[in-house]
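Please read all numbers here as calculations on a predicted model, not as lab measurements. Only this structure's heavy atoms are used, side chains among them; waters, hydrogens and symmetry mates stay out. Numbers restart at 1 for each chain; the letters A, B, ... are given by sequence-line order, proteins then strands.
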Protein chains: 2
Amino acid sequence: MEYDDLASMKVSCVNMVSRMSETKDHPYHHGDLRRTLIDTALAMLAADQNWTFTLREVARRTGVSHAAPYKHFRDREELLRELARIGFVRLGKAMTEAMCPDLPSTRAHFMAAAQACIEFACQNPGLYRLMFSSDADKTIDPQLHDAAKSTFGILLDLLERGQRDGSFRPVAVSAMAAASWAQVHGLAMLAINGQLLDEKVGPAPVPAALDVLLDGMCCTD
Amino acid sequence: MEYDDLASMKVSCVNMVSRMSETKDHPYHHGDLRRTLIDTALAMLAADQNWTFTLREVARRTGVSHAAPYKHFRDREELLRELARIGFVRLGKAMTEAMCPDLPSTRAHFMAAAQACIEFACQNPGLYRLMFSSDADKTIDPQLHDAAKSTFGILLDLLERGQRDGSFRPVAVSAMAAASWAQVHGLAMLAINGQLLDEKVGPAPVPAALDVLLDGMCCTD
DNA sequence: CACATAAGTTTCTCCTGTAAACATGGAGGG
DNA sequence: CCCTCCATGTTTACAGGAGAAACTTATGTG
């Protein structure tokens with residue numbers, strides 16, 4: 001399992017020692033239960049796209065008692081918020097990687113990042129839904145809030161850059177940011193819910209819809 | 001309480017007679033429990049914006065036993081779907097009413113309908129969230145599916161009309177429809193979650209963002 | 001080595017959804 | 001006019017989940 005930030009990596013390393021005694025079947029101390037719970041939950045989230053989250057189920061699959069998670073998370077929602085935070089980190093990574101430097105234009109960069117976000121949502125529907133659900137209350141957890149803001153910042157930077165190099169119109173960045181974020185997130189949600197396939201939308205609705213938006217933002221009419 | 005469709009009105013009228021004997025405190029037969037349960041649930045949804053839906057709580061506030069709702073709904077989700085359906089009907093009504101005929105342009109009509117949708121979401125955040133949550137599975141209930149499609153159709157009609165009268169560019173309607181729906185829904189969700197107020201978005205982000213999209217759809221550059 | 005403490009477990013209470021069995025009262029047939 | 005059926009209630013029961021409290025076990029430190 002990969003690690004998405006330094007904090008969890010540190011936790012893991014600290015507990016490396018106690019993991020040495022895992023020769024017995026059921027070591028009383030798990031070693032890195034916090035991390036394992038998160039990984040298990042992420043795996044279950046990936047398996048069932050619309051899964052009703054249950055702390056006890058996570059504990060069961062992890063092989064610990066149902067009360068064990070409470071030693072690492074205040075309540076069920078704290079785990080959910082941590083999962084959402086990891087989701088935002090991963091989404092940000094996916095979007096950043098999509099913006100390959102040898103793409104011809106800022107518009108192409110935008111398109112790539114947007115499509116990366118929507119692909120991420122389609123490949124991790126459960127996680128994506130969680131990230132934007134009210135279960136992951138961003139007003140409570142500053143770390144989650146920061147992660148979300150940081151991912152949103154990728155888009156902001158791109159817009160500002162595009163405006164400086166003359167690709168985007170000199171509209172208020174805030175307006176373009178709201179429009180872009182809403183468009184991408186809206187398309188992602190529609191794609192997840194399968195509402196872009198069966199109805200009267202064309203074969204490649206995502207890039208087509210993004211082009212409509214980009215036509216309103218770009219200078220190259 | 002208003003009625004949103006003919007079916008429920010008929011049910012109410014049929015049960016009008018049995019309601020006559022409501023002089024006693026607890027008439028065994030409620031008279032119109034189905035309708036009352038729905039109204040109570042809608043009221044609770046309006047009161048607490050992020051409320052964890054509970055059938056027993058609805059029954060409690062309605063003043064009946066916790067098992068009574070099962071005489072009218074197969075399970076909890078059937079009630080949720082009915083609530084969502086009513087939500088779509090109301091949303092459609094709000095959007096239709098917003099498109100006042102004396103507005104100058106098709107663009108103005110679009111703007112009015114979009115803002116009506118977002119206002120509806122802000123005034124009924126709980127209901128709106130339910131309408132687009134996985135709890136209201138549109139693949140199960142054809143009535144819910146139809147209601148959602150009908151509301152979506154308002155947008156489609158507007159786009160087609162605008163294309164015929166030369167207001168909108170001759171792009172594929174499907175692309176514009178996907179973009180519009182995503183934009184409006186995305187803005188609504190962001191507005192509900194309060195992510196359009198505190199960050200780096202301007203004072204009137206909704207019309208500004210919609211203008212960005214409309215600039216990409218309209219012919220009047 | 002003793003022991004404080006972190007990290008497990010068991011047990012308990014309260015809540016939910018849902019099924020099954022029971023009760024009631026209004027409507028329609030004899 | 002009464003009797004009986006059925007829709008619509010109620011009570012009771014059960015399986016699960018969240019979370020608190022009390023108990024247990026390793027582990028690292030004075």
Side-chain angles (χ1 to χ4, degrees), chain A residues 8 10-38 40-41 44 48 51-83 135 137, chain B residues 8 10-38 40-41 44 48 51-83 134-137:
Chain A
S8 49
K10 191 166 57 182
V11 168
S12 167
C13 291
V14 162
N15 290 329
M16 208 70 98
V17 181
S18 45
R19 200 186 262 182
M20 293 301 179
S21 59
E22 269 189 17
T23 42
K24 280 158 68 177
D25 274 356
H26 282 296
Y28 198 89
H29 288 282
H30 180 281
D32 194 1
L33 182 55
R34 182 189 157 89
R35 187 74 213 173
T36 309
L37 287 170
I38 290 172
T40 305
M44 296 170 72
D48 288 343
W51 161 54
T52 57
F53 188 91
T54 283
L55 252 196
R56 286 168 112 100
E57 178 78 8
V58 176
R60 221 173 287 136
R61 299 220 190 175
T62 308
V64 293
S65 76
H66 65 261
Y70 288 92
K71 298 293 170 177
H72 301 274
F73 303 95
R74 191 196 319 277
D75 54 15
R76 157 203 144 96
E77 298 223 335
E78 192 171 300
L79 172 54
L80 288 177
R81 284 195 297 270
E82 175 63 9
L83 296 175
D135 284 334
D137 189 346
Chain B
S8 49
K10 189 166 58 183
V11 168
S12 166
C13 291
V14 163
N15 289 328
M16 209 69 100
V17 181
S18 43
R19 201 186 259 181
M20 293 302 179
S21 60
E22 269 187 18
T23 41
K24 279 159 70 176
D25 275 356
H26 283 296
Y28 198 89
H29 289 282
H30 181 281
D32 193 1
L33 183 55
R34 182 187 159 88
R35 187 75 214 172
T36 308
L37 287 170
I38 291 173
T40 305
M44 295 170 73
D48 289 343
W51 161 54
T52 58
F53 188 91
T54 282
L55 252 194
R56 284 169 113 103
E57 177 77 8
V58 176
R60 223 171 286 138
R61 299 221 190 175
T62 308
V64 294
S65 76
H66 65 262
Y70 286 90
K71 299 293 170 179
H72 301 273
F73 303 95
R74 190 196 321 274
D75 54 15
R76 160 202 143 96
E77 298 223 335
E78 192 170 300
L79 172 53
L80 288 177
R81 283 194 296 271
E82 175 63 11
L83 296 175
S134 51
D135 284 335
D137 190 344

Check nucleotides 11-13 of chain C against the protein and report each pair of N or O atoms closer than 3.5 Å, with its distance, or say if there are none.
{"unit_1": "C:dT11", "atom_1": "O4", "unit_2": "A:His66", "atom_2": "NE2", "d": "3.0"}

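- None of A:Val58, A:Asp135, A:Asp48 except one satisfies the side chain to side chain contact (heavy atoms under 4.5 Å, CB included) rule with A:Phe53; the exception is A:Val58.
- For the atom pair OG (B:Ser65) and CZ (B:Arg56), the distance works out to 9.5 Å, reported to the nearest 0.5 Å.
- Pairing each heavy atom of A:His72 with each of A:Ala68, the nearest pair is CD2-O, 3.9 Å.
- Atom CZ in A:Arg61 sits about 12 Å away from atom P in D:dG17, given to the nearest Å.
- Remark: B:Glu57 CD to B:Thr40 OG1 distance equals 10.5 Å, nearest 0.5 Å.
- Looking at A:Asp75 and A:Glu78, their side chains come closer than 4.5 Å, going by heavy atoms from C-beta outward.
- Straight-line distance from the CZ atom of B:Phe73 to the C1' atom of C:dG17: 16 Å, rounded to whole Å.
- In this structure, A:Glu77 places its CD atom 14 Å from C1' of D:dG17, rounding to the nearest Å.
- Rounded to 10°, the helix from C:dC1-D:dG30 to C:dG30-D:dC1 has 10° between the axis fitted to its first five pairs and the one fitted to its last five.
- Positionally, the nearest nucleotide of DNA chain D for B:Ala68 lies more toward the 5' end than for the other of B:Ala68 and A:Lys71.
- Atom C1' of nucleotide D:dT8 and atom CZ of B:Arg35 are separated by 19 Å, given to the nearest angstrom.
- No side-chain heavy atom of A:Phe73 sits less than 4.5 Å from a side-chain heavy atom of A:Leu55.
- Note: CG (A:Leu33) to C1' (C:dA7) measures 8 Å, nearest angstrom.
- Of all nucleotides listed (C:dG8, D:dG19, C:dG17), C:dG17 comes nearest to the side chain of B:Tyr70.
- A:Ser65 comes within 4.0 angstrom of a nucleotide base, judged by non-hydrogen atoms across all strands.
- Within the model, atoms CG of B:Leu83 and CE of B:Met44 stand 11.0 Å from one another, a figure rounded to the nearest 0.5 Å.
- Residue B:Arg74 is out of contact with every strand shown, counting any heavy-atom pair closer than 4.0 Å.
- Contact annotation: A:His72 side-chain N/O to C:dG8 OP1/OP2 distance is under 4.0 Å.
- Counting to the nearest Å, the P atom of D:dT10 and the CG atom of B:Leu55 are 14 Å from each other.
- The side chain of B:Arg60 contributes no N or O atom lying less than 4.0 Å from OP1 or OP2 of C:dC15.
- Taking atom CD of residue A:Glu57 and atom P of nucleotide D:dG16, one finds them 11 Å apart after rounding to whole Å.
- A pairwise comparison of heavy atoms in A:Ala59 and A:Leu37 identifies CA-CD2, 4.5 Å as the closest pair.
- Between A:Thr54 atom OG1 and A:His66 atom NE2 the span is 12.5 Å, to the nearest 0.5 Å.
- In this structure, B:Arg34 does not reach the D:dT8 phosphate: none of its side-chain N or O atoms is under 4.0 Å from OP1 or OP2.
- As rounded to whole Å, 17 Å separates atom P of D:dG17 from atom CG of A:Asp75.
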